[in-house]
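First up is the structure itself, then whatever we jot down about it.
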Amino acid sequence: MNTLELCRVLLAGSVPAAEVPELTDEEVRNEVRHRLAEAGCELAYAPRSDRWVATLGGPLPRLEDHAAVIDLGPAELAVLAACWLHLRFLDAEQVRQAGGVDPEERGEPWLDPDDLGIMLGGRLGGRDLGDVLVLLCQAGYLTLREGQLFAGPLLETFDDREAADEVRELLARNQRLTHLRDRAAAFRMEAQEDLPAPAPAEALLGGRGGSELPPHRSGIEADQAPRYGDVDA
């Protein structure tokens, strides 16, 4: 295929690297990048799925009647952020911290859609998670196999060193806040344990029990107590 045909194929969807061997040639690859850039798109390679993809080079202008194939609104972006974190970043971060070796030799990371729904809670603005997942799977961001969500070729293109550094900073900040909250809770518990025990009621009454309090109307002599029917009462 020539470079124009390669651009058409890429704009129609992701392509297995084995089916476009022309892109192994640096000169052809640069020409394809140049042509895609003229249309506001970029060439990207998804290593895990071994596919070439064309992605948008920037945000889409908002048009009232534009029938976009996939419109990444707030709901879609929320799902993609959660999926990228669990399907791409966390797995790669564990390998990075282990010196580039996967100590547990895990397979491809996946997410249960029900767990994803619990994580997102009510962050989809009333949108149904199932509908959003169908759109993202059709577009190539995610792949659904046997009821499990895997990263699609387009999700791999979100891998970025700057984005990863920002996520590490956010996670570290969250860990610090969690640690401070735990310490504050521990201090409160210790403070409550050190408080003196409340004084018993008898101590507050000067050592007198309730039985020693003067009886009701005890200051009135028995023979002075008014009687009903008495003229002077």
Go through the steps to decide whether C137 and T143 satisfy the test side chain to side chain contact (heavy atoms under 4.5 Å, CB included), and finish with yes or no. CA-CA 5 Å; C137 288; T143 301; 5.9 Å; no
Can you tell me how far apart CG (L4) and CZ (R8) are? Round to the nearest 0.5 Å. 4.0 Å
Is there a chain of hydrophobic side chains (I, L, V, M, F, W, Y, each step under 4.5 Å between heavy atoms) that links V53 to L135? yes
Please name all residues satisfying side chain to side chain contact (heavy atoms under 4.5 Å, CB included) with R33, sequence neighbours left out, ordered by chain then number. R29, N30, L43
Common cluster, L149/L77, ILVMFWY with side-chain heavy-atom separation under 4.5 Å: yes
Are S14 and L154 close enough, and set up right, to give a side chain to side chain contact (heavy atoms under 4.5 Å, CB included), and what steps lead you there? CA-CA 8 Å; S14 65; L154 283 178; 6.0 Å; no
Smallest separation among heavy atoms of P113 and L129, with atom names: O-CD2, 3.7 Å
The complete set of ring pair (Phe, Tyr, Trp, His ring centres under 6.0 Å) pairs with one or both residues in residues 112-149, sequence neighbours excluded, reads Y141-F158
Sequence neighbours left out, what pairs pass side-chain hydrogen bond (donor to acceptor under 3.5 Å, both in side chains) with at least one residue falling in residues 116-131? E76-R127
Can L116 be reached from F150 by stepping across I, L, V, M, F, W or Y side chains whose heavy atoms are under 4.5 Å apart? no
Any R48 side-chain heavy atom under 4.5 Å of P109 side chain: yes
Test side chain to side chain contact (heavy atoms under 4.5 Å, CB included) on L144 and L133; report intermediate values, then the result. CA-CA 9 Å; L144 184 64; L133 290 177; over 6 Å; no
Kindly compute the distance separating CG (L136) from CG (L72), expressed to the nearest 0.5 Å. 7.0 Å
If you draw a 6.0 Å radius around CD in E26, do more than 12 non-hydrogen atoms from other residues or ligands fall strictly inside? no
Determine, step by step, whether L87 and L142 satisfy the side chain to side chain contact (heavy atoms under 4.5 Å, CB included) criterion, reporting the C-alpha distance in whole Å, the side-chain angles of both residues, the deciding distance to 0.1 Å, and the verdict. CA-CA 10 Å; L87 299 178; L142 300 170; 4.1 Å; yes
Are W84 and V79 connected in the hydrophobic side-chain network, where two residues link if heavy atoms are under 4.5 Å apart? yes
Among pairs that include at least one residue of residues 12-38, which meet ring pair (Phe, Tyr, Trp, His ring centres under 6.0 Å), considering only residues two or more places apart or in two chains? none
For E22, enumerate each residue passing the side chain to side chain contact (heavy atoms under 4.5 Å, CB included) test, keeping only those at least two apart in sequence or located in another chain. M1, L6, V20, V28
Tell me whether L120 is reachable from L90 by hopping between hydrophobic residues (I, L, V, M, F, W, Y) whose side-chain heavy atoms are closer than 4.5 Å. yes
Would you mind reporting whether L56 and C41 have side-chain heavy atoms less than 4.5 Å apart? yes
From D50 atom CG to Y45 atom OH, the distance as rounded to the nearest 0.5 Å: 3.5 Å
Working to the nearest 0.5 Å, report the span between CD of E5 and CG of L10. 12.0 Å
Could you report the tightest heavy-atom contact between V15 and G13, atom names first, then the distance? CG2-O, 3.5 Å
One should read off an interatomic distance between N2 CG and R35 CZ, to the nearest 0.5 angstrom, of 7.5 Å
With D114, which residues qualify under side chain to side chain contact (heavy atoms under 4.5 Å, CB included), at least two apart? D112
Where is the tightest heavy-atom contact between L124 and A78, given as atom of each residue plus distance? CD2-CB, 4.2 Å
